[in-house]
Structures are given as C-alpha cells and as structure tokens.
Amino acid sequence: MQRVYNFSAGPSMLPLSVLERAARELVNYGEAGMSVMEMSHRSPEYEAILFGARDSLQRILQIPDNYKILFLQGGASTQFAAVCYNLLNGSGKADYVVTGQFSKKAMQEAQKYGDIRVAASSEDRNNTYIPALSAKDFRPDADYVHICLNNTIYGTRYHTIPDTGGIPLVADVSSCILSEPLDIARFGVVYAGAQKNVGPAGLTIVIVRDDLLGKARKDTPAMLNWQLMAENDSMYNTPPCYAIYMAGLVFEWLEKEVGGLEAMASLNQQKAAVLYDYLDGQNYYLAPAEKPYRSLMNVTFKTGDEELDKQFAKQAAAAGFKNIKGHRSVGGMRASIYNAMPREGVEKLVRFMAQFADAHPKA
Ligand SMILES: *Cc1c(COP(=O)(O)O)cnc(C)c1O
C-alpha cells in the first residue's frame with residue numbers, strides 16, 4: 001500500500017522523514033538500549049529530548065524569554081477550561097469572539113466559570129468571515145479576551161491580531177501553529193492541540209507570558225495549573241513522553257529541512273494559492289469562506305449539491321485523496337493542507353477536481 005495524500009483536519013499528515021526516523025529509533029533510541037516509550041521521564045536521555053524540543057520550538061517561533069512553553073495533555077479542549085482556572089480570577093469577566101465551533105465551545109466552557117460575554121460573532125453569516133474588532137469591543141476590566149486564530153471547520157482566519165487595549169489576548173492556535181511566523185509578544189497565552197501541525201494527538205502546547213502565571217483560582221486542578229506545570233518543566237506528572245519526542249522531530253524537520261517559519265510560510269502560501277486560484281477561476285465549486293479571511297490551512301469548498309459532494313469525497317478517496325469530506329456540521333469538502341502536505345498533493349487534487357467537474361455536469 002502506497003502512502004496517500006491525507007487531507008484530514010486532524011490528526012493529519014506528518015513529514016515522511018520524521019516518521020521514517022521515528023521508525024528507525026522506535027525499538028532502540030540512540031545508545032539507550034530501549035524505546036523512548038519505555039524511558040523514565042526523569043532520565044538524562046529523556047530530559048534532553050524534552051528540553052531539546054522546547055528550545056527548538058522557542059527558536060522556531062522566536063518566543064520571547066518572558067514566556068513559558070508547556071507540554072501538556074488533554075488536547076486544546078482541556079485548555080478551554082484551563083484558561084478560566086488560570087486567568088478568570090480578577091474581575092471574573094472574559095470576552096470571547098465566536099468565529100466557529102471551537103471558539104464557541106471555548107466560550108460555552110468558560111460560561112461555567114465566570115461572567116462571559118460574546119464580544120463579536122460571525123454566526124450571522126455562517127462563520128464565513130472574521131468580524132472587525134477594536135479595543136472598544138472589549139470590556140476594559142475583562143481578565144482576558146479569547147479568540148481562535150484559524151477556524152478549522154469553516155476555513156477562515158484572522159489576518160490581523162486584534163488590538164485589545166492591553167487586555168491579555170488568549171488564542172487557540174491549534175490549526176495554524178507553526179504554519180507561518182507569529183508575533184507571540186502580541187498574546188498573553190496561545191495554546192494548541194498537537195495533531196494538526198505538530199505531532200500526535202494528546203500533546204498540547206501552551207505558551208504563556210510570565211506575568212499571567214500565579215493568578216490561578218484556588219480550586220484549580222493541579223493538572224490544569226500552568227504555574228505548577230511551569231515550575232516543574234511540564235513534568236509535574238509523567239508527560240506525554242512519546243508525543244513530545246515526535247514533536248521534537250517535527251521541530252527539527254522545520255528548522256533543518258524546511259529552513260524555518262519564513263520558508264514554511266512561503267510553501268504554505270504556494271499550496272493554498274494552487275487551490276484558491278483554481279477555485280476563483282471556475283464556477284463548478286463554491287468556496288464559502290469570504291476571500292479576505294481565507295485560511296492558509298483549511299480550504300473549504302462544495303458543489304452546492306449534497307449528492308455530488310458525497311460522490312466527490314468517495315471518488316477522491318478512491319483516487320488517493322483521503323479525508324476530504326467537510327466537517328459533519330457544515331458538509332461540503334475541506335482540504336486541510338497543513339505543513340506536512342506536499343505541494344504535489346495539492347496540485348494533483350486540483351487536477352482531480354477539474355476532472356470531476358467535467359465528468360459530473362450539474363443538472
Ligand atoms: C482541533 C481543534 C481543537 C480541538 O482540539 P483537541 O485537541 O481535539 O481538543 C480546538 N481548536 C481548534 C482550533 C482546533 O482546530
């Protein structure tokens with residue numbers, strides 16, 4: 001069986017060279033005489049893996065020294081609550097921008113913990129855009145403002161980071177982390193599930209500014225307490241050892257093979273342009289995301305006919321383009337073209353799309 005082009009929204013493709021290296025090192029890592037999965041997380045070998053991954057991420061994203069990098073568990077969804085435990089402890093107010101399902105889930109989770117206001121929403125146009133925002137949209141005494149930087153399901157993204165007038169900005173960056181440079185200093189906290197651009201599911205990255213630590217509510221579960229995790233170098237308990245190792249290999253790939261985030265961004269822009277240029281030059285497929293807000297990572301399109309959409313996903317899968325069906329809540333198609341998707345995969349997909357359009361004229 002050949003490897004396919006996997007357009008899944010997550011878990012998604014990993015670089016082949018990373019998988020091959022992990023395979024070579026699976027049974028016996030270096031001189032350890034054992035697999036990374038079998039290692040004590042307190043061993044010098046494993047500490048080198050974890051700290052190496054952390055330092056590599058700091059270099060790639062140019063994370064300022066006054067931020068802590070945490071490797072946690074539970075996915076981005078666990079952070080929906082962790083954000084509240086750690087930050088919603090001043091006025092007890094937080095403002096959320098709802099631009100899709102994940103930002104809505106984050107907001108709904110937060111409602112359990114404090115006075116939560118929806119500062120802006122794109123639900124009026126089915127989340128096909130990002131609302132314009134300025135500092136006056138937020139309550140000045142809010143403990144934080146929460147956004148989702150790339151909307152995985154709807155295929156939209158922020159192109160400018162909103163001005164919150166000094167209120168700490170918290171961003172879910174699960175589906176865009178490491179796709180291009182990001183000015184971390186504009187954020188109080190960013191967090192991401194690993195399974196889109198980083199590595200295996202379960203591992204969760206939190207990058208938090210120092211001054212936001214130490215504000216956690218008294219009833220914060222230890223496992224959700226960022227300060228405790230930072231003090232323990234993400235090893236308060238057994239960390240997701242193997243997933244961190246895999247993430248470290250992906251970071252090394254980004255640094256050494258891709259050449260860093262500028263190079264990654266340029267590749268990603270080229271890939272996205274192949275799809276969007278095609279979509280803009282034809283009238284068989286509809287592209288629901290409004291042009292100024294189009295995602296670099298998740299490209300949504302549909303035929304406008306549910307039966308044809310079904311046919312498309314089925315025939316695409318048979319042709320080696322897997323997991324291209326849109327999210328169950330919105331239908332249509334979605335090509336997730338994360339970092340590890342080669343340009344060739346996108347070019348072949350576009351050829352397939354054109355052939356499908358020719359072979360299935362609409363009534
Ligand atoms: C995938 C995704 C999530 C959910 O991540 P889990 O790790 O499954 O909890 C949350 N937010 C965004 C933006 C995502 O893309």
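Read the numbers this way: they start at 1 and go in the same order the structure lists the ligands and their atoms.
With ligand atoms numbered from 1 in the order given, ligand 1 contributes 13 (C) to contacts under 4.0 Å with heavy atoms of Cys148. Close approach of ligand 1 to Asp172 is summarised as follows: ligand atoms under 4.0 Å from at least one heavy atom of the residue are 10 (C), 11 (N), 12 (C), 13 (C).
Ranking the protein heavy atoms by distance from atom 1 (C) of ligand 1 puts Lys196 NZ, 1.3 Å first. If you check which protein heavy atom lies closest to atom 15 (O) of ligand 1, you get Thr152 OG1, 2.5 Å. Nearest to atom 9 (O) of ligand 1 among the protein's heavy atoms is Ser77 OG, 2.6 Å. Closest to atom 4 (C) of ligand 1 among all protein heavy atoms lies Phe102 CE2, 3.6 Å.
With respect to the salt-bridge test (charged N to carboxylate O, under 4.0 angstrom), the residues Asp233 and Arg54 qualify. Ionic pairing of Asp280 and Arg294 is present here: one or more N-O contacts between side-chain nitrogen and carboxylate oxygen are shorter than 4.0 angstrom.
A donor and an acceptor atom, one from each side chain of Tyr154 and Tyr293, are nowhere located under 3.5 Å apart. Judged by distance alone, the side chains of Thr220 and Asn225 never bring a donor and an acceptor atom under 3.5 Å apart.
Contacts with ligand 1 closer than 4.0 Å are made by no heavy atom of Ala9, backbone or side chain.
His41 and Tyr46 have their aromatic ring centers separated by at least 6.0 angstrom. If you look at Phe301 and Phe312, their ring centroids are closer than 6.0 Å.
Inclusion of Ala76 in the set of residues having an N or O under 3.5 Å from an N or O of ligand 1 is warranted.
The closest approach between a heavy atom of Gln195 and any atom of ligand 1 is below 4.0 Å.
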